[in-house]
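Quick note: residue numbers are just sequence positions, from 1. Values below: every heavy atom of this structure, side chains too, minus hydrogens, waters and symmetry copies. Every number for a ligand or one of its atoms is a count from 1 in the order of the listing.
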Amino acid sequence: MDARAEALRTIAAALATPGKGVLAADESTGTIGKRLATIGVENTLEQRVALRELLFDAPNCAAALSGVILYDETLRSTGKGGATFVEMLRANGTIPGIKVDAGVVPLPGSPEETATAGLDGLDERCKEYYDLGARFAKWRAVLKIDEARGFPSALAVAENANALARYATICQRNGLVPIVEPEILMDGAHDIETCLRVTRRVLDAVFSALRLHGAQMDGMILKPNMVTAGSAHPSANGGDDVVAEMTLRALRDVVPPAVPGILFLSGGQTEEQATERLRLMNRSSIPRAPWTLSFSYGRALQASCLKAWGGKAENVPAAQAAFFARCKANSEASIRP
Ligand code: 13P
């Protein structure tokens, strides 16, 4: 194995350390604005930095976090103590990562579906991010289920799989481990069987594209949705054991054993659901490849922390305690007994 392939393998294995997961703190300025609005906090640079600092500085949380995904602004930001966020994370043994996609745009051939922008200039940005200290990256593709309209269309599946594979190989050429995230949204009234079928179909297309592009499977991380009924389906909130089983069935049919880690997104599940379903997957007797199954949550790690903080400096210790509670519970859930 050449040195670059070996370095990617080492980083991917570290991200997939059992008992650890990734914090997705890579909300774009617009998305973090929506989160801050829910707690009545203005979307200023100062408040964004304060929120990220309280997360990165939270006592004891680093033991549960192999990596943190940052947004461009955050990767370049400095905390109150004068250290950059990248330096703060590294000092705690946490690997800094970077969101490199530029969000979704309408897919011209099926304009109610989306493609993800950001391939233009990606090679150069990866070089810069590596120099700034990032060692992994994230690209989110978004697919939606609408059976009446035939979504996801064959076009949306093929285009998003191809873009994920191009992104992955561009990252790997530049020494960044790609987190490959094909998110199938929970929106809709579909049943869990439909989500299982679509998840298999999407993951199958993604891994076919990754192979076609020559991606290094042991130098990447998969970040999928869990297999759930649509959020408007009557059983949307039931059956954590069913979600765990269906998710494992989707993954074991399609994900190569060489992939070291499958780190789930939370996608609108509650904090407790995201933890419990992960825990059940790691306790399941369904035979599967030895991937680490862990978390790369955004909302399911930050929701109660944000509420406890409310944008006030005096609430930082309570907010950090809430964040620690989620880190600890998810860390325990990511261990296979
Ligand atoms: P959620 O866990 O809130 O879905 O966010 C994860 C993520 O990184 C989405 O791209």
For this session: Examine V206 and I145 and state if one hydrophobic cluster contains both, with Ile, Leu, Val, Met, Phe, Trp and Tyr joined whenever side-chain heavy atoms are less than 4.5 Å apart.
Result: yes
For this session: Before accepting this row, confirm whether a basic side-chain N of the pair E128/R76 lies closer than 4.0 Å to the acidic partner's carboxylate O.
Result: yes
Exercise. So is R299 polar-close to ligand 1, meaning N/O to N/O under 3.5 Å?
Worked result: yes
Exercise. Out of curiosity, is K138 lining ligand 1, as in a heavy atom under 4.0 Å away?
Worked result: yes
Exercise. Considering only heavy atoms, does R140 approach ligand 1 within less than 4.0 Å through its side chain, its backbone, both, or neither?
Worked result: side chain
Exercise. Is ligand 1 less than 4.0 angstrom away from at least one heavy atom of G267?
Worked result: yes
Problem set entry | Ring centre gap for F85 and F56 strictly below 6.0 Å | yes
Exercise. With no hydrogens and no angle check, is any side-chain donor or acceptor of T199 less than 3.5 Å from a backbone partner on C195?
Worked result: yes
Problem set entry | For S266, atoms of ligand 1 separated by under 4.0 Å from a heavy atom | 1 (P), 2 (O), 3 (O), 4 (O)
Exercise. For atom 5 (O) of ligand 1, what's the nearest protein heavy atom and its distance?
Worked result: G298 N, 3.6 Å
Exercise. Going by distance alone, is a donor N or O of one side chain under 3.5 Å from an acceptor N or O of the other, for Q269 and R277?
Worked result: yes
For this session: Please report the C-alpha distance between H213 and N162 in whole Å, then the side-chain angles of each, then the deciding distance to 0.1 Å, and finally whether the side chain to side chain donor-acceptor pair (under 3.5 Å) criterion is met.
Result: CA-CA 8 Å; H213 284 250; N162 195 58; 2.8 Å; yes
For this session: For atom 9 (C) of ligand 1, grab the closest protein heavy atom and report residue, atom and distance to one decimal in Å.
Result: E181 OE2, 3.2 Å
For this session: Would you give the length of the straight line joining atom CD of E245 to atom CG of D240, rounded to the nearest 0.5 angstrom?
Result: 13.0 Å
Problem set entry | Heavy-atom gap S296 to ligand 1 smaller than 4.0 Å | yes
Seminar exercise, completed: From the list T17, L23, N92, side chain to side chain contact (heavy atoms under 4.5 Å, CB included) with L65 holds only for L23
Problem set entry | Sub-4.0 Å atoms of ligand 1 with respect to non-hydrogen atoms of Y297 | 2 (O)
Exercise. Touching ligand 1 at all, K223? Heavy atoms, strictly under 4.0 Å?
Worked result: yes
For this session: Check ligand 1 against A24 and write out every atom of the ligand that is under 4.0 Å from a heavy-atom position of the residue.
Result: 8 (O)
